[in-house]
Amino acid sequence: MTRPHQPEPAAAAPQHPVDVFLLLTDGDQVLLGLRQDTGYADGEWNAPSGKLEIGETALAGIRREAAEEVGVHLDADEPHFAATVHHRNRNGQGRIGLVFTADFDAGRHGEPVNAEPHKCAQIGWFPLDELPAETDRYTTACITAWRTCTPLYLSGWA
């Protein structure tokens, strides 16, 4: 007697959170924040960024994150799409990062401030060629993708 076909257990649906990153530049410098008390990359410098919310467009998400994290207000047509980074973090989880750039203009944007001191110890401008040693790998990958004009950059998969 043959056994009836038993379906294989359902695998968990793949999950790749979508993150948005802002590379706000002023000449040859980029604005970064020093993460603290978040449980992710604490003690590391990171570009203003975050996860897209349900039902939110990428442009709305990057504009929201810029305002929430560093108090910068971007016009709707201002953030420019630069690259996609497919990143695998230290826990092996894959993530998709959409990288946007904007040239800083204090008259349009307002001065950057540390708008989330409960998550960020400080913010600062850093030369693109001299990022702090403690810069988060995901942020470094985003900067590299943009600077090398690589539209799809793989990070942490090798």
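None of the values given here were measured: they were computed from a predicted structure.
Remark: Y153 engages no residue in a ring-ring contact (aromatic ring centres under 6.0 Å, His included) (not counting sequence neighbours).
In this structure, G61 and L52 approach most closely via the heavy-atom pair CA-CD2, 3.9 Å. In plain terms, the two heavy atoms of C120 and Q122 that are nearest each other are SG-O, 3.1 Å. Closest approach of W125 and P112 over heavy atoms only: CZ2-CG, 4.0 Å. Residue P117 comes nearest to Q36 through the heavy atom pair O-NE2, 2.7 Å, listed as atom of the first residue, atom of the second, then distance.
Hydrophobic clustering, with ILVMFWY side chains joined whenever heavy atoms are under 4.5 angstrom apart, keeps W146 apart from V72. F126 and V113 are not part of a single hydrophobic cluster, where members link through side-chain heavy atoms under 4.5 Å apart. Note on L98: it clusters hydrophobically with L31, by side-chain heavy-atom contacts below 4.5 Å among ILVMFWY residues. Both F104 and I123 belong to a common hydrophobic cluster when Ile, Leu, Val, Met, Phe, Trp and Tyr are linked at side-chain heavy-atom distances under 4.5 angstrom. Transitive grouping of hydrophobic side chains (ILVMFWY, heavy atoms separated by less than 4.5 Å) brings L34 and L128 into a common cluster.
With contacts defined as side-chain heavy-atom distances shorter than 4.5 Å, the pair T84/I96 qualifies. The shortest distance between side-chain heavy atoms of E116 and E69 falls below 4.5 Å. Using a 4.5 Å heavy-atom cutoff, the side chains of Y138 and S155 are not in contact. Here the side chains of H87 and N89 are in contact, with some heavy-atom distance below 4.5 Å. Put simply, the side chain of R90 does not reach to within 4.5 Å of the side chain of Y40, judged on heavy atoms. In this structure, D19 and F21 have side chains that are in contact, with non-hydrogen atoms separated by less than 4.5 Å.
A distance of 4.0 Å separates CD in E78 from CZ in R108, rounded to the nearest 0.5 Å. Distance check: L154 CG to H86 NE2 gives 7.5 Å after rounding to the nearest 0.5 Å. A distance of 11.5 Å separates OG1 of T148 from CD1 of I143, quoted to the nearest 0.5 Å.
The side-chain contact (heavy atoms from CB on, under 4.5 Å) test with V30 is passed by exactly one of L32, D28, D26: L32. The one candidate from L24, L59, V20, L23 that meets the side-chain contact (heavy atoms from CB on, under 4.5 Å) condition with P79 is L59.
Between the side chain of S49 and the backbone N or O of A47, at least one donor-acceptor pair lies under 3.5 Å. With hydrogens and angles disregarded, no donor-acceptor distance shorter than 3.5 Å links the side chain of N46 to the backbone of T135. Listed for the R95 side chain is no donor-acceptor partner under 3.5 Å among the backbone atoms of P17. Using a distance-only test at 3.5 Å, with no hydrogens or angles considered, no donor-acceptor pair links the side chain of R35 to the main chain of K119. For N91 (side chain) and Q93 (main-chain N/O), no donor-acceptor pair under 3.5 Å exists by modelled atom type.
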Take T139 and L131 through the side chain to side chain contact (heavy atoms under 4.5 Å, CB included) test and state the conclusion after the steps.
-> CA-CA 10 Å; T139 289; L131 297 176; 6.0 Å; no

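Looking at R147 and T144, their side chains never bring a donor and an acceptor atom within 3.5 Å of each other. Between the side chains of T25 and D103, at least one donor N or O lies within less than 3.5 Å of an accepting N or O.
Contacts classified as salt bridge (Lys or Arg N to Asp or Glu O under 4.0 Å) and involving residues 45-62 (residues at least two apart or in different chains) are given here: E53-R64, E56-R64.
Taking the six-membered ring where tryptophan is involved, the planes of F100 and F81 are perpendicular, since the angle between them exceeds 60° and thus also 30°.
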